[in-house]
A.B. asks: 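This is the structure I want to talk about, given as structure tokens.
What you are looking at is a predicted structure, and each value in this text was computed from that prediction instead of being measured. Below, chain A is the first sequence line, B the second, and so on; all start at residue 1. Heavy-atom basis, side chains included; hydrogens, waters and symmetry copies ignored.
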Amino acid sequence: MLWSKLFIPTLREVPAEAEVASHQLLLRAGYIRQLSAGIYTFLYLAQRSLKKIQTIVRQEMDAMGAQEISCPALNPAEVWQESGRWDVMGDNLFRFKDRFGRDMCLAMTHEEVITVTARGELRSYKQLPQVWYQLQTKFRDEPRPKSGLLRVREFMMKDSYSFDMDQAGLDAVYDKHYKTYCRIFDRCGLEYTAVDAHSGAMGGSQSHEFMVASDAGEDFVARCPGCGYSANLEKAISIPAAPAADDPAGDLTPEEFPTPGQKTIAELAAFTGLPETSQMKSLVVVADGKPALILVRGDHQLSETKAGAILNDPEFRPARPDEIRQWFGADAGSLGPVAVKDVPIFADRALVGRRNMIAGANKNDAHLRHVTLGEDFQAELHDVRQVVAGDACTRCGAKLEVIKCVEIAHIFKLGYKYSEPMGLRVLNAEGKEVTPIMGSYGIGIGRILSGVIELHHDKDGMILPPSIAPFEVVVTPANNADAAQMDTARAIYEECLGLGIDALLDDRDERPGVKFKDADLIGVPFRVVVGKKLAQGLVELVERKTRTAADVASAEAPRAVLARLGR
RNA sequence: CGGGGCGUGGCUCAGCCUGGCUAGAGCGCCUGGUUCGGGACCAGGAGGUCGGUGGUUCGAAUCCACUCGCCCCGACCA
């Protein structure tokens with residue numbers, strides 16, 4: 001391609017609306033333009049790059065035996081009503097009515113469509129297992145689109161769906177996806193972590209997320225540098241740091257003491273002279289319309305996801321001040337578990353074995369000392385605390401780190417969540433009707449590109465790996481007015497094309513500085529500069545990533561590029 | 001949905017508080033010339049309903065009300 005003929009609208013300045021690096025660079029490098037919040041046009045460079053990512057995805061999916069299909073983005077409400085997700089998805093589903101007033105939506109994912117299709121066609125165990133995948137645009141009415149391509153309302157996803165006769169089959173295809181995804185992300189040049197994840201609205205038993213570390217992310221991952229354990233913070237477990245002070249020994253009885261105005265754990269620690277680890281934090285929540293008291297160590301945070309699970313209501317909420325006063329006879333800040341009746345108590349496991357701690361007295365401006373779980377009150381024990389950096393790994397004892405991540409893929413063992421209610425049945429070898437077990441496996445294509453840019457960029461622009469860069473090499477004559485340079489550059493460019501290299505010739509009538517800056521910005525991995533040294537028959541081969549330059553004979557340049565590409 | 005910020009040529013922004021004559025700068029763009037190894041220089045030029053609507057006023061980019069859009073934080077989140 002000749003740069004002079006292409007539309008690559010690079011920007012010298014950072015557009016005001018872009019905050020995160022990948023967003024800024026995608027705009028500056030002329031890859032994308034925004035149409036509306038969370039809706040983007042992919043210009044030529046983005047399209048080339050995304051197509052390369054899609055090709056990698058297709059090759060690897062095909063290699064694992066999956067079959068590519070295409071599903072309608074436009075769905076009638078009925079299929080979503082059948083699975084129950086018409087209601088569950090709430091405002092995140094783009095909904096509208098067609099001209100006859102029928103409820104419709106834009107699919108945000110395709111479990112429903114896939115299941116409806118399968119139930120009409122799959123009849124026998126002989127047809128299983130099946131893995132179908134699609135690479136399509138999906139829609140989600142995000143309450144807050146942000147960060148360029150990281151959180152958008154219209155996006156390209158690879159989704160695959162598996163049907164198996166039994167759990168063992170599902171386990172196998174799940175594992176196959178896991179390995180295939182690793183290959184895909186490796187080829188895209190992504191450093192990623194696969195983590196244990198929470199299934200959320202998808203349902204199902206097991207799930208993994210593929211995460212890329214980035215400050216632009218919205219998920220937190222706990223990771224062990226020692227043994228490789230990693231999990232979404234929503235699910236992560238750890239051994240908490242030891243209490244900062246030893247508990248008073250002995251079988252002491254709770255004893256009230258005045259704590260005027262001391263409400264927060266920090267204030268109480270300062271007031272009593274006992275560290276936060278000696279306090280019991282009492283949280284009142286409302287789950288399914290009923291109150292519950294949750295206790296964690298003073299310095300610990302409640303994990304809302306874990307709490308939602310044990311309360312059996314992911315939609316639980318903190319109690320309002322008036323509710324707290326009604327149930328406990330005191331305000332938040334003086335609450336505790338002793339003598340509480342008619343409200344179930346859940347205690348975090350970090351409180352087990354502790355003695356004579358401080359807790360609220362359920363009386364304003366008063367607390368109790370010498371409160372012991374199991375003696376002075378009873379509670380159901382669960383892991384409800386959120387892991388923090390520095391906690392010890394439960395497997396190897398090393399200190400866990402907590403990192404911010406972008407989720408680029410998520411795989412789920414769905415189980416029978418869709419096949420059962422939607423009536424997907426096949427006959428087994430005994431002629432009995434059975435329900436196939438399903439899995440679903442998604443990859444965000446745009447997030448791969450954004451993730452790579454987040455990971456690999458510098459002040460001058462993107463640093464893309466050859467596998468997904470829009471071009472592999474750009475040939476740059478330093479001075480267009482110099483016919484010898486121009487001719488040589490053209491010859492090198494054409495020979496590169498002949499060798500199957502994705503080459504770009506920067507034939508623009510621009511000063512060399514402009515061409516170099518633009519080449520750096522759009523992230524082309526290699527550059528061949530045809531300049532003054534041509535007099536000695538030499539051109540320069542520059543690697544974008546390392547900025548190292550090497551002189552090579554101009555006739556050797558195309559081969560040298562090919563070698564650097566590892567081909 | 002709650003909180004905050006911003007809408008002025010293609011991009012980045014000034015002007016607004018304290019209303020006043022043809023609305024500015026830099027970058028980009030066009031023409032000509034000189035240049036040519038890290039976003040050149042000179043000369044000339046094109047390009048703006050000041051987001052929209054309504055109001056106040058002799059007069060509104062500027063003040064007021066409403067509204068639309070975008071960004072950020074939170075809520076939310078395959």
A.B. asks: Within less than 4.0 Å of OP1 or OP2 of B:rC70, is there a side-chain N or O belonging to A:S36?
C.D. replies: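 For B:rC70, OP1 or OP2 has a side-chain N or O of A:S36 closer than 4.0 Å.
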
A.B. asks: Is it the case that A:R95 places NZ or CZ above or below the six-membered ring of A:W80, under 6.0 angstrom from the centre and within 45 degrees of the axis?
C.D. replies: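 Relative to the ring axis of A:W80, which defines the angle, A:R95 lies outside at least one limit.
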
A.B. asks: Distance check needed: B:rC77 C1' versus A:D91 CG, whole Å only.
C.D. replies: 12 Å

A.B. asks: Mapping A:A18 and A:D159 to their closest nucleotides on RNA chain B, which lands nearer the 5' end?
C.D. replies: A:A18

A.B. asks: For the ring-ring contact (aromatic ring centres under 6.0 Å, His included) test, which of A:Y441, A:Y192, A:F210 pairs with A:Y178?
C.D. replies: A:F210

A.B. asks: Could you pick out which residue, A:H410 or A:Q34, lies toward the 5' side of RNA chain B when each is mapped onto its nearest nucleotide?
C.D. replies: A:Q34

A.B. asks: Taking atom P of B:rC77 as reference, at what distance in whole Å does atom CG of A:L150 sit?
C.D. replies: 19 Å

A.B. asks: Please work out which residues in residues 468-493 of chain A have a non-hydrogen atom less than 4.0 Å from an atom of RNA chain B and list them by number.
C.D. replies: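 The answer is A:A478, A:N479, A:A481.
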
A.B. asks: Expressed in angstrom and rounded to an integer, what is the separation of A:E304 atom CD from B:rG74 atom P?
C.D. replies: 13 Å

A.B. asks: Roughly, in whole Å, what's the span from CG in A:D215 to P in B:rC72?
C.D. replies: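 These atoms are roughly 15 Å apart.
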
A.B. asks: Could you list the residues that satisfy salt bridge (Lys or Arg N to Asp or Glu O under 4.0 Å) with A:R223, not counting sequence neighbours?
C.D. replies: A:E401

A.B. asks: Testing A:R508, A:R527, A:R511 one by one against A:D518 for a salt bridge (Lys or Arg N to Asp or Glu O under 4.0 Å), which residue passes?
C.D. replies: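 Among A:R508, A:R527, A:R511, the one meeting salt bridge (Lys or Arg N to Asp or Glu O under 4.0 Å) with A:D518 is A:R508.
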
A.B. asks: How long is the line joining CZ of A:R151 and P of B:rC72, in whole Å?
C.D. replies: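 Rounded to whole Å, this separation is 10 Å.
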
A.B. asks: A:R447: which residues meet the salt bridge (Lys or Arg N to Asp or Glu O under 4.0 Å) condition with it, sequence neighbours left out?
C.D. replies: none

A.B. asks: Among residues 506-528 of chain A, which ones have heavy-atom contacts with RNA chain B below 4.0 Å?
C.D. replies: A:R511, A:P512, A:G513, A:V514, A:F516, A:K517, A:D518, A:D520, A:L521, A:R527

A.B. asks: Would A:D551 and A:K533 pass as an ion pair if we require N to O under 4.0 Å?
C.D. replies: yes

A.B. asks: May I have the distance from A:L538 (atom CG) to B:rG37 (atom C1'), rounded to whole angstrom?
C.D. replies: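 Nearest whole value for this atom pair: 15 Å.
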
A.B. asks: Check A:K146, A:K138, A:R140 against A:E142 for a salt bridge (Lys or Arg N to Asp or Glu O under 4.0 Å) and give me the one that passes.
C.D. replies: A:R140

A.B. asks: Could A:D313 and A:K290 be called an ion pair, given the rule that one side-chain N must be under 4.0 Å from one carboxylate O?
C.D. replies: no

A.B. asks: Please determine whether a side-chain nitrogen or oxygen atom of A:R12 lies at a distance below 4.0 Å from atom OP1 or OP2 of B:rG28.
C.D. replies: yes

A.B. asks: Give a yes or no on whether a salt bridge exists between A:R317 and A:E323, defined as a side-chain N under 4.0 angstrom from a carboxylate O.
C.D. replies: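 Yes, this pair counts.
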
A.B. asks: Should the ring pair A:H177 and A:Y181 be called parallel, tilted or perpendicular, given that the plane angle runs from 0 to 90° and is split at 30 and 60?
C.D. replies: perpendicular

A.B. asks: Which part of the nucleic acid, if any, lies within reach of A:R28 when heavy atoms closer than 4.0 Å are counted: base, sugar-phosphate only, or nothing?
C.D. replies: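 Result for A:R28 = base.
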
A.B. asks: Output the rounded distance in Å from NE2 (A:H23) to C1' (B:rC71).
C.D. replies: 9 Å

A.B. asks: Would you call A:K306 and A:D383 a salt bridge, using N to O less than 4.0 angstrom?
C.D. replies: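 Here A:K306 pairs with A:D383 in a salt bridge, since their nearest N and O are under 4.0 Å apart.
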
A.B. asks: Quick one: the side chain of A:E13 and the base of B:rG26, do they pair up donor-acceptor inside 3.5 Å?
C.D. replies: yes

A.B. asks: Using a 4.0 Å cut-off on heavy atoms, which residues in residues 529-537 of chain A reach RNA chain B? List them by number, or say none.
C.D. replies: A:V529, A:G531, A:K532

A.B. asks: Using a 4.0 Å cut-off on protein heavy atoms (strictly under), produce a 5'-to-3' string for nucleotides 1-9 of chain B with B for base contact, S for backbone-only sugar-phosphate contact, and - for none.
C.D. replies: ---------

A.B. asks: With the side chain counted from C-beta on, respond yes when A:I443 and A:F185 share a heavy-atom pair under 4.5 Å apart, and no when they do not.
C.D. replies: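 Sidechains of A:F185 and A:I443: in contact.
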
